[in-house]
Amino acid sequence: MTELFAIALMPSKLAPSLWRSLPRHQPEIGQLIRDLRHCAGCTQAQFAGILGVSFSTLNRWENGHMQPSPLAVRQVESVLADLRQSPDLAVQSGNKALLKKHGSQGS
């Protein structure tokens, strides 16, 4: 299990600015989810487990065939927030790049 995978399992509190600034619609949210999964070094099956959804659901989100529910979007944001708090500078750097790519500088 990678450190990122372990960090993603920890609960977190979301920054209000993060909640308002992330994409909400396909295809942007699907690409964000794919990029976040890659940043965390997870397979689709592993990342689906972190988010509490099935592999097929995650696959549909990433491929733009289905929109995540508001609850699922909050789970994605929780993973982003957890990565933000990582003691690993490489993880923090990857997370900042991910937030910048998807329209948020974070706070």
Side-chain angles (χ1 to χ4, degrees):
M1 180 183 303
T2 67
E3 178 189 352
L4 292 176
F5 187 69
I7 290 169
L9 295 173
M10 294 187 290
S12 68
K13 293 186 178 180
L14 298 176
S17 62
L18 181 64
W19 171 249
R20 288 188 300 269
S21 62
L22 293 176
R24 296 272 184 243
H25 304 289
Q26 287 294 9
E28 294 88 7
I29 189 70
Q31 187 61 51
L32 170 65
I33 292 168
R34 182 184 312 261
D35 291 347
L36 179 58
R37 178 176 61 81
H38 287 160
C39 182
C42 295
T43 66
Q44 283 186 325
Q46 290 170 324
F47 203 63
I50 290 169
L51 296 176
V53 300
S54 69
F55 163 83
S56 60
T57 295
L58 182 71
N59 183 276
R60 286 185 207 116
W61 293 345
E62 287 189 3
N63 291 310
H65 299 293
M66 195 169 107
Q67 181 81 16
S69 69
L71 179 60
V73 172
R74 287 189 67 90
Q75 286 295 100
V76 169
E77 291 164 341
S78 178
V79 172
L80 277 167
D82 291 339
L83 291 177
R84 230 177 173 185
Q85 298 171 9
S86 170
D88 185 329
L89 294 178
V91 172
Q92 289 178 16
S93 176
N95 188 49
K96 285 179 186 176
L98 187 64
L99 289 171
K100 185 175 181 179
K101 177 180 178 182
H102 291 282
S104 173
Q105 298 297 321
S107 57

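Values below: every heavy atom of this structure, side chains too, minus hydrogens, waters and symmetry copies. This is a predicted model, so every value here is computed, not measured.
- When all heavy atoms are compared, the tightest approach of Pro68 to Trp61 is CA-NE1, 3.4 Å.
- Rounded to the nearest 0.5 Å, atoms OG (Ser56) and NE2 (His65) are 12.0 Å apart.
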Going through the distances and angles, do Arg37 and Leu58 end up as a side chain to side chain contact (heavy atoms under 4.5 Å, CB included)? CA-CA 10 Å; Arg37 178 176 61 81; Leu58 182 71; 4.1 Å; yes
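- Sorted by first and then second residue, the salt bridge (Lys or Arg N to Asp or Glu O under 4.0 Å) pairs involving residues 38-48 (not counting sequence neighbours) form an empty list.
- For residues 39-55, no residue pair satisfies the salt bridge (Lys or Arg N to Asp or Glu O under 4.0 Å) rule, not counting sequence neighbours.
- In this structure, Arg60 CZ and Ser54 OG are separated by 6.0 Å, a value rounded to the nearest 0.5 Å.
- Between Val76 and Leu51, the closest heavy-atom pair is N-CD2, 3.9 Å.
- Residue Asn63 comes nearest to Arg34 through the heavy atom pair OD1-NH2, 3.2 Å, listed as atom of the first residue, atom of the second, then distance.
- In this structure a side-chain-to-backbone donor-acceptor pair under 3.5 Å is missing from Asn59 to Phe55.
- Rounded to the nearest 0.5 Å, atoms CD1 (Ile33) and CD (Glu28) are 11.5 Å apart.
- Distance CD1/Ile29 to CD/Gln67: 7.0 Å, rounded to 0.5 Å.
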